[in-house]
> 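Before we start, here is the structure in question, set down as structure tokens.
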There are 2 protein chains.
Amino acid sequence: MASTGTKAADILETAENLARNRGYHGFSYRDIAAKVGIKSASVHYHFPTKADLGVAVARRYTDRFLAALGDPRDPKTAPRLLLARYAAAFRKSLVEDRQMCLCGLFGAEVAVLPAPVAAEVRGFFERSVEWLQVVLARDGSGGAVDEAESRRRALTILAALQGAMIVARTLGRVEVFDDIVEGTISSPSTPLTAGMKAD
Amino acid sequence: MASTGTKAADILETAENLARNRGYHGFSYRDIAAKVGIKSASVHYHFPTKADLGVAVARRYTDRFLAALGDPRDPKTAPRLLLARYAAAFRKSLVEDRQMCLCGLFGAEVAVLPAPVAAEVRGFFERSVEWLQVVLARDGSGGAVDEAESRRRALTILAALQGAMIVARTLGRVEVFDDIVEGTISSPSTPLTAGMKAD
DNA sequence: GTCTATAATTTGATAGAC
DNA sequence: GTCTATCAAATTATAGAC
């Protein structure tokens, strides 16, 4: 099924897909093995414990997510386009992949995560907020752009999008996600939904 | 441990506390039995299947949550006070109980919930949005108050608060929750944080 | 209503052959 | 690196005595 790249990469890819639908305790080494086409003992060879696997999956997810967003300081890309790209990333996973954000789901389960996995999820949120904060500091349309205010707005956008995925998935309505994006990001002037479906 | 009321009530109370920290698949009949002081077979007597238990827990949670909020149409209570009360309910569960919103966590796990349980979570979101919508329609400070706009703002508040609990819990910082509330609800005029710590 | 006992399955993980 | 075989523990759930 997932047969691109090395075995370790296939395992990570499969584990991520399972985790984003079922949560950390919702997938097993046997689930992964069956999808990759090996035995569960072979999965343990690559990732000795489930915490090891969880850490690897979360780190890979975070790196890939941020890389896809691009440099928040790139002068060639308008801040509001970057914001639209951020929302579009979540929307794509919701609509095309029909999956949660890995760290949104893991974050909800943080009390039952092994400590090293929880630390990775924390890293995703911290790096996400930092990325958004840089973008928001460049965007003057929202008013004040001091440190505290841009951080607060970054946290608000992150939280709203994570919540939007949960509510939209549960209600089975994509429009709910779009409504929340509209209500959160594009308060000042231009609606962001236009550029959102791109990419 | 949970020894108020009937056995069935103790089971529901215990199950809710476990579910709000560990998620639907993160607690077992034995966990509940041990805390209540009976055997797991006795839990099955009251709630034959785990789906039965999940439905009962979610419905009880939803009813209690909405009852605590009060009538959104009550002319004696200002809309903005009702909004503050809504945010305060989540804040209390975050700070005092150190627990997630049951339906926020279940919503994140919706793909692995038995269908009847998922339906109850949907009910929580629908009733929450309806409650917020009524309040927002009464509150003119946000500008337009037409049906579509108030619904969109209701969804946005719900999503932001659910996301806020996840992010604040994962980062281990209550201030993060407060920042998001500030950035979501009290955009127009008066800050809501004042009345938030009450109740 | 609560218990003992147990079934049937699944889980994460390891030992050791190849 | 991958396999077979296996372990110890945990899971939901049921049968039947009291």
Side-chain angles (χ1 to χ4, degrees), chain A residues 1-58 105-106 109 111-118 120, chain B residues 1-58 105-106 109 111-118 120:
Chain A
M1 186 154 263
S3 51
T4 328
T6 69
K7 260 319 148 48
D10 288 357
I11 291 169
L12 287 173
E13 170 81 11
T14 303
E16 180 186 313
N17 287 332
L18 288 169
R20 287 172 65 184
N21 272 314
R22 309 186 191 172
Y24 183 78
H25 289 100
F27 68 94
S28 71
Y29 270 63
R30 277 176 179 76
D31 291 331
I32 297 167
K35 293 224 181 202
V36 174
I38 55 179
K39 296 297 173 180
S40 71
S42 302
V43 181
H44 277 284
Y45 169 80
H46 293 282
F47 303 96
T49 72
K50 197 174 180 183
D52 294 328
L53 177 58
V55 165
V57 167
L105 214 176
F106 276 11
E109 296 176 315
V112 281
L113 293 183
V117 180
E120 291 297 327
Chain B
M1 187 155 261
S3 50
T4 328
T6 70
K7 266 305 153 53
D10 288 356
I11 292 169
L12 287 173
E13 170 81 10
T14 303
E16 180 186 311
N17 287 332
L18 288 169
R20 287 172 66 184
N21 271 314
R22 309 186 190 171
Y24 184 78
H25 288 101
F27 68 95
S28 71
Y29 271 62
R30 276 179 179 74
D31 291 332
I32 297 167
K35 293 222 181 203
V36 174
I38 54 178
K39 296 295 174 180
S40 70
S42 302
V43 182
H44 278 284
Y45 169 81
H46 293 282
F47 303 96
T49 72
K50 197 174 179 182
D52 294 327
L53 177 57
V55 165
V57 168
L105 215 175
F106 277 11
E109 297 176 315
V112 282
L113 293 183
V117 181
E120 291 298 326

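Since the structure is predicted, the reported quantities are computational estimates derived from the model, not experimental observations. Protein chains get the first letters and strands the later ones, always in sequence-line order, with residue 1 at the start of each.
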> What is the distance, rounded to the nearest whole Å, between atom OH of A:Tyr29 and atom C1' of D:dG1?
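Rounded to the whole Å, the gap is 16 Å.
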> Would you kindly give the NE2-to-P distance between B:His44 and D:dA13, to the nearest whole Å?
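It works out to 6 Å between those atoms.
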> What contact category does B:Phe27 fall into here, base, sugar-phosphate, or nothing, at under 4.0 angstrom with non-hydrogen atoms?
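The answer is sugar-phosphate, as B:Phe27 gets under 4.0 Å only of primed atoms, P, OP1 or OP2.
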> List for me each residue that meets side-chain contact (heavy atoms from CB on, under 4.5 Å) alongside B:Val112, sequence neighbours excluded, and say none if there are none.
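B:Val112 satisfies side-chain contact (heavy atoms from CB on, under 4.5 Å) with A:Arg22, B:His25, B:Glu109 only.
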> Without decimals, in angstroms, what is the distance between A:Asp10 CG and D:dT2 P?
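Distance, rounded to whole Å: 10 Å.
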> Which donor-acceptor pairs under 3.5 Å do the side chains of residues 40-57 of chain A make with protein atoms, sequence neighbours left out?
| residue | atom | partner | partner atom | Å |
| --- | --- | --- | --- | --- |
| A:His44 | ND1 | A:Pro48 | O | 2.9 |
| A:Thr49 | OG1 | A:Ala51 | N | 3.4 |
| A:Thr49 | OG1 | A:Asp52 | N | 3.2 |
| A:Thr49 | OG1 | A:Asp52 | OD2 | 3.1 |
| A:Lys50 | NZ | A:Tyr24 | O | 2.8 |
| A:Lys50 | NZ | A:Phe27 | O | 2.7 |
| A:Asp52 | OD2 | A:Thr49 | N | 3.1 |

> For A:Phe47 and C:dT14, give me the distance from atom CZ to atom P, rounded to whole Å.
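In whole Å, C:dT14 P and A:Phe47 CZ are 16 Å from each other.
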> Which residues satisfy the salt bridge (Lys or Arg N to Asp or Glu O under 4.0 Å) test with B:Glu120, sequence neighbours excluded?
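Checked B:Glu120 against salt bridge (Lys or Arg N to Asp or Glu O under 4.0 Å); matches are B:Arg59.
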> Side-chain N or O of A:Lys7 less than 4.0 angstrom from OP1 or OP2 on D:dT2?
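The answer is yes; a side-chain N or O of A:Lys7 sits under 4.0 Å from OP1 or OP2.
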> Please state how far atom CG in A:Leu53 lies from atom C1' in C:dT11, giving the value in whole angstrom units.
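Computing the A:Leu53:CG to C:dT11:C1' distance gives 14 Å.
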> So which atom in A:Arg20 and which in A:Leu105 form the shortest heavy-atom distance, rounded to 0.1 Å?
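Looks like O-CD1, 3.6 Å.
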> List the residues meeting side chain to side chain donor-acceptor pair (under 3.5 Å) with B:Asn17, not counting sequence neighbours, and say none if there are none.
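For B:Asn17 the side chain to side chain donor-acceptor pair (under 3.5 Å) partners, ignoring immediate neighbours, are B:Gln99.
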> For the pair made of OH in B:Tyr45 and P in C:dT4, what is the distance, rounded to whole Å?
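The distance from OH of B:Tyr45 to P of C:dT4 comes to 18 Å, rounded to the nearest Å.
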> Would you say B:His46 places a side-chain N or O within less than 4.0 Å of OP1 or OP2 belonging to C:dT2?
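Yes, because at least one side-chain N or O of B:His46 sits under 4.0 Å from OP1 or OP2 of C:dT2.
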> To the nearest angstrom, how far is B:Tyr24 atom OH from D:dT11 atom P?
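Checked: the OH to P distance equals 14 Å.
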> Considering only nitrogen or oxygen atoms on both sides, find all protein atoms under 3.5 Å from nucleotides 3-5 of chain D and state each distance.
| residue | atom | partner | partner atom | Å |
| --- | --- | --- | --- | --- |
| D:dC3 | OP2 | A:Lys39 | N | 2.7 |
| D:dC3 | OP2 | A:Ser42 | OG | 2.9 |

> I need the minimum non-hydrogen distance between B:Ala15 and B:Ile32, along with the two atoms involved.
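That would be CB-CD1, 3.9 Å.
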> Whether B:Ser28 contacts D:dT11 is assessed here as follows: a side-chain N or O lying under 4.0 Å from the phosphate OP1 or OP2. Is that the case?
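Looking at the OP1 and OP2 atoms of D:dT11, one of them is under 4.0 Å from a side-chain N or O of B:Ser28.
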> Once you round it to whole Å, what is the distance between P of C:dA13 and NZ of A:Lys50?
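So the two atoms are 8 Å apart, to the nearest Å.
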> Quick one: does A:Asp31's side chain have a donor or acceptor within less than 3.5 Å of a partner on A:Ser28's backbone?
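Here the side-chain-to-backbone pair exists.
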